[in-house]
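Worksheet: the structure to be examined is printed underneath.
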Amino acid sequence: MLADFQFHHIGIAVKDIKATSAIYEGGGYKPSTIIYDPIQNVDICWLTKDDSPTLELLAPVNENSPVNKILEKNGVSPYHTCYVVKDIQEAISELRKQKYVMISKPAEAVAFKGSKVAFLFNKNVGLIELVETPAEIID
Ligand code: NI
């Protein structure tokens with residue numbers, strides 16, 4: 001990891017975004033609109049609550065969604081953590097030195113207001129996502 005990593009959210013693979021969101025709403029979380037991400041091939045819903053970590057629900061939209069694998073293996077479950085970085089390219093080259101493998105190259109993510117995201121994997125950490133500042137989420 002990098003010393004200036006700033007935690008952003010936990011990504012949770014879900015089967016039914018509305019069913020899961022309703023449960024968290026009962027716990028005081030506020031849902032965003034549902035956002036279709038054509039790159040990850042998923043529907044996304046942000047859940048936010050004061051003084052609590054932000055959650056990102058990701059549901060497959062068809063059989064080609066990468067979250068299907070997570071759901072088949074583990075059912076509904078958290079599967080990535082996301083960190084904000086100032087310079088995504090610089091962070092990636094540092095993480096590669098720390099034996100992280102790139103899973104998806106930096107690309108603009110629709111769930112953020114124009115910020116780039118990338119996914120990397122390390123066998124002792126699991127899957128992490130990087131998002132470049134300002135990392136403002138769609139509400
Ligand atoms: Ni995420």
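Note that the structure is a prediction, hence the values are computed from the model and not measured. Note that ligands are numbered from 1 as they come in the structure, with each ligand's atoms numbered from 1 the same way.
- A distance-only check finds a donor-acceptor pair linking the side chain of S115 to the backbone of A135 [under 3.5 Å].
- Here the side chains of Y79 and K69 are not in contact, with every heavy-atom distance at 4.5 Å or above.
- Looking at heavy atoms from C-beta onward, L58 lies out of side-chain contact with D43 at the 4.5 angstrom threshold.
- The count of protein N, O or S atoms under 2.8 Å from the Ni ion (ligand 1) stands at 4, with waters excluded from the count.
- In this structure, N122 and L95 have side chains that are not in contact, with every pair of non-hydrogen atoms separated by 4.5 Å or more.
- For K97 and E94, the salt-bridge test passes: some basic side-chain N is under 4.0 Å from an acidic carboxylate O.
- I137 places none of its side-chain heavy atoms less than 4.5 Å from the side chain of K113.
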